[in-house]
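Read the structure below first, then the notes.
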Amino acid sequence: MGAKYRQYCLPGMLSVFFLYHAPVIFLGQRAFFNAFDSLDSFVVWYRVVTRQGYAWAPPYAIVEPFLGGVPKFTLVTSYNIYYWLNLVLPTFEAYQFYIIFISAFALIGMWLLCRHHLALNEWASAFLALSFAFTPFLPTWGLSIAGQPLLLFALLNIRNGKPAKWNWLIVGAFPFASNFQSAGVFILFALGALIAHDMVLKLPYRRLLLAFCVLLAVYIVTKIDLVQNLLGGEGFESHRMEMRRFPASRLKVFARYFLLGNVDVALSLHTLVLLPLVCTAFTIFAIREKRLPKGLTGTLAAITLICLYIAALQCEFIVNLRNQSDLLRMFSMDRFHIFLQLLWHIAAAQAILLISTRYRNRVIAVVAFAQLIVCFAYQPTYYERLIKPFVKIVPYHYIFTYEDYYAERMFGEIKSYIKKPVQSYRVASIGMPPAIAQYNGMWTIDGYSSNYPLSYKRKFRKIIAAELEKSDGNRGFFDFWGSLCAILYDQGLSYYEPYITRGTAPLTRNIVLSHQALKDMHCDYILSTENILNPEKSGLKKLAIFSSTIWRVNLYEVTSNQ
């Protein structure tokens with residue numbers, strides 16, 4: 001098998017990996033990407049900071065072009081691989097490299113975990129490594145989820161008395177490519193639980209305890225500005241202070257996480273293939289052996305417990321309790337879901353080992369083929385070009401090509417029309433994310449940030465107060481979440497649609513803004529994909545119309561007098 005592996009398995013695995021990422025490599029900016037928590041925020045945060053004179057500024061330096069001016073630490077962390085990539089590469093090339101980097105480390109980590117700790121053969125390991133590497137990781141999370149198999153591989157080696165330098169290097173480097181608040185806290189909790197387990201069973205635990213200390217220490221060093229300002233920052237009260245939690249159906253939440261994972265950040269793609277594989281292998285083994293498979297039972301119990309915990313957080317009593325505490329209300333306690341992608345793949349590995357060796361290779365071949373079809377269907381470019389004409393699914397929130405999304409040529413025309421230095425005026429966007437104007441170098445009064453001054457949010461709210469009164473959904477979205485500080489307006493929907501493209505914009509829309517509030521926020525122009533009905537009511541004057549492949553932008557000037 002060793003010779004066969006070297007001849008076919010490794011080249012085959014790398015070829016499939018290359019084919020999956022071929023659109024990103026060869027099409028470049030013409031490839032499709034998921035805009036959610038990526039093009040609409042993450043890419044732009046790092047571009048604004050590294051391209052507009054703040055690359056070497058201290059964490060508390062005010063980044064003027066973004067959201068009227070926010071501290072640098074609220075947007076980026078300097079001790080991060082993606083930050084360093086943006087210092088040495090153009091914005092797109094840094095993003096392009098980072099996407100493949102994340103997937104590659106997911107592939108390597110899962111393959112090593114399967115081969116060395118889950119006792120799978122080369123072909124099964126290659127299949128699960130590819131499946132895990134092709135799950136739709138959000139780049140903003142870095143290796144927080146994608147790097148878990150590699151981190152677990154290193155920790156298990158340390159636990160088993162194999163403290164090679166590479167294992168310690170993996171542990172020490174992990175914080176440089178992962179989020180502390182979104183994942184690191186929960187990873188440390190899980191590692192602490194494993195240490196406690198070993199202590200109770202009187203197993204050696206000191207090496208793991210040292211690994212815990214190393215991981216925690218590096219997180220603190222690399223995220224020191226975030227740790228200091230997690231609850232509101234230095235010198236300002238965070239908008240997160242007004243966040244509120246609301247109860248939801250516990251059954252629906254449990255089913256959603258168990259069957260899909262977190263559809264926003266941790267969609268595990270296990271539903272159609274891996275879940276039936278696991279359930280079938282579990283059932284057959286239990287019936288045949290008249291006992292439960294110990295390892296797989298434990299993994300499924302962990303998955304179920306995580307989903308039950310997340311569902312329990314939706315209980316009205318717990319929601320009310322959290323709303324009474326600043327810490328519990330602002331902190332996303334449900335993020336144990338970050339382990340679901342890894343756990344479902346571990347469960348699949350354990351299920352494969354339960355299959356009779358007589359049929360195992362054939363089952364692996366069929367399952368691998370089916371699962372990889374699912375993974376390729378969720379690759380944005382393959383979906384848009386090959387799958388969508390036949391089967392319409394919703395793999396992500398919004399998918400666009402990079403060049404169409406940011407429309408650099410059109411924004412060049414807009415800036416040429418205005419004929420002023422970009423730092424001399426500020427703009428706001430309607431019907432498209434503020435990130436697009438920010439990417440193109442414009443200074444904005446709006447933006448998307450998970451931490452900015454509450455006073456700014458309240459001041460900005462005056463601009464859209466009349467529109468918020470028209471929609472309960474938009475009012476709750478802004479008042480009780482508010483990380484998207486943008487011009488929300490009534491669209492006649494139960495939710496706010498941030499993308500009003502050329503094909504979806506109505507002929508006109510009645511949008512009423514506060515002219516005085518716009519002036520108070522020093523806003524000079526509005527970039528609107530909506531044709532505003534009677535703009536003079538809001539003190540706006542229509543200047544021109546600009547078009548790109550997907551956008552049709554009306555340029556309005558905020559007049560001196562209404």
Side-chain angles (χ1 to χ4, degrees), residues 1-2 4-28 30-34 38 81-82 85 92-116 118 120-139 141-153 170 177 266-270 272-274 341-342 344-346 348-349 352 364-387 395-396 402:
M1 179 61 105
K4 189 175 181 181
Y5 161 67
R6 287 189 296 270
Q7 185 177 358
Y8 297 111
C9 189
L10 183 58
M13 181 174 70
L14 295 178
S15 297
V16 174
F17 182 84
F18 178 80
L19 179 63
Y20 182 86
H21 290 290
V24 175
I25 296 171
F26 293 111
L27 295 180
R30 291 179 289 115
F32 285 84
F33 297 90
N34 174 22
S38 184
I81 290 175
Y82 187 63
L85 286 173
F92 175 73
E93 283 70 17
Y95 181 61
Q96 181 185 41
F97 180 88
Y98 199 52
I99 288 174
I100 299 172
F101 167 86
I102 290 170
S103 186
F105 271 83
L107 181 83
I108 294 168
M110 182 56 71
W111 189 85
L112 290 172
L113 184 66
C114 288
R115 290 293 294 137
H116 293 272
L118 297 176
L120 290 184
N121 65 26
E122 291 89 345
W123 293 101
S125 298
F127 150 54
L128 287 178
L130 288 169
S131 173
F132 186 78
F134 295 163
T135 50
F137 304 111
L138 288 181
W141 286 64
L143 296 183
S144 300
I145 298 173
Q148 287 175 20
L150 186 62
L151 179 63
L152 181 58
F153 164 77
I170 291 169
L267 188 63
S268 57
L269 301 187
H270 68 279
L272 298 178
V273 180
L274 299 186
Q341 281 172 301
L342 174 61
W344 277 115
H345 281 79
I346 291 176
I352 288 172
I364 291 173
V366 172
V367 170
F369 181 76
Q371 178 66 8
L372 290 178
I373 286 178
V374 173
C375 291
F376 272 79
Y378 276 77
Q379 206 279 354
T381 303
Y382 287 129
Y383 169 71
E384 285 288 332
R385 297 302 189 198
L386 302 176
I387 306 300
Y396 307 103
Y402 190 96

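Given the structure is predicted, the values throughout are model-derived calculations rather than measurements.
Thr381 OG1 to Phe33 CZ: the interatomic distance, rounded to the nearest 0.5 Å, is 6.5 Å. If you take CG on Leu152 and CG on Leu112, they are separated by 11.5 Å, rounding to the nearest 0.5 Å. With values rounded to the nearest 0.5 angstrom, Ile352 atom CD1 is found 5.0 Å from Ile364 atom CD1. To the nearest 0.5 Å, the span separating CG on Leu107 from OG on Ser103 amounts to 6.5 Å. Separation of atoms CD1 (Ile102) and CZ (Phe97) is listed at 10.5 Å; rounding is to 0.5 Å. Rounded to the nearest 0.5 angstrom, Ile145 CD1 and Leu138 CG are separated by 7.5 Å.
For Tyr95, the side-chain hydrogen bond (donor to acceptor under 3.5 Å, both in side chains) partners at least two apart in sequence or on another chain are Ser38. His270 is linked by a side-chain hydrogen bond (donor to acceptor under 3.5 Å, both in side chains) to Ser268, Trp344, counting only residues two or more places apart in sequence or in another chain. For the ring pair (Phe, Tyr, Trp, His ring centres under 6.0 Å) test, residues two or more places apart in sequence or in another chain that qualify with Phe105 are Phe101.
Considering every non-hydrogen atom in both Arg115 and Ser125, the closest pair reads CD-OG, 3.2 Å. Residues Ile25 and Phe18 come closest through the heavy atom pair CD1-CE1, 4.0 Å. The two residues Pro139 and Tyr98 make their nearest non-hydrogen contact at O-CE2, 3.3 Å. The minimum heavy-atom distance linking Gln341 with Leu267 is given by the pair NE2-O, 3.1 Å. The minimum heavy-atom distance between Ser131 and His345, with the atom names listed, is OG-NE2, 2.8 Å. Closest non-hydrogen pair, Pro380 versus Asn34, comes out as CG-N, 4.3 Å.
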Problem set entry | side chain to side chain contact (heavy atoms under 4.5 Å, CB included) assessment of Leu342 paired with Leu113 | CA-CA 11 Å; Leu342 174 61; Leu113 184 66; 4.1 Å; yes
Problem set entry | Candidate pair Leu130 and Tyr20, rule side chain to side chain contact (heavy atoms under 4.5 Å, CB included), full reasoning | CA-CA 10 Å; Leu130 288 169; Tyr20 182 86; over 6 Å; no
Exercise. Does the side chain to side chain contact (heavy atoms under 4.5 Å, CB included) test come out yes or no for Leu85 and Glu93, once each step is laid out?
Worked result: CA-CA 9 Å; Leu85 286 173; Glu93 283 70 17; over 6 Å; no
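Side-chain atoms of Leu10 and Met13, non-hydrogen and from C-beta on, do get closer than 4.5 Å to each other.
Phe137 has its ring centre less than 6.0 Å from the ring centre of Phe132.
Looking at Gln371, its side chain does come within 3.5 Å of a backbone N or O of Leu269 through a donor-acceptor pair. Side-chain atoms of Gln96 come within 3.5 Å of backbone atoms of Val24 as a donor-acceptor pair (strictly under, hydrogens ignored).
Of the residues listed (Phe32, Phe134, Phe376), the one engaging Tyr382 in a ring-ring contact (aromatic ring centres under 6.0 Å, His included) is Phe376, and it is the only one.
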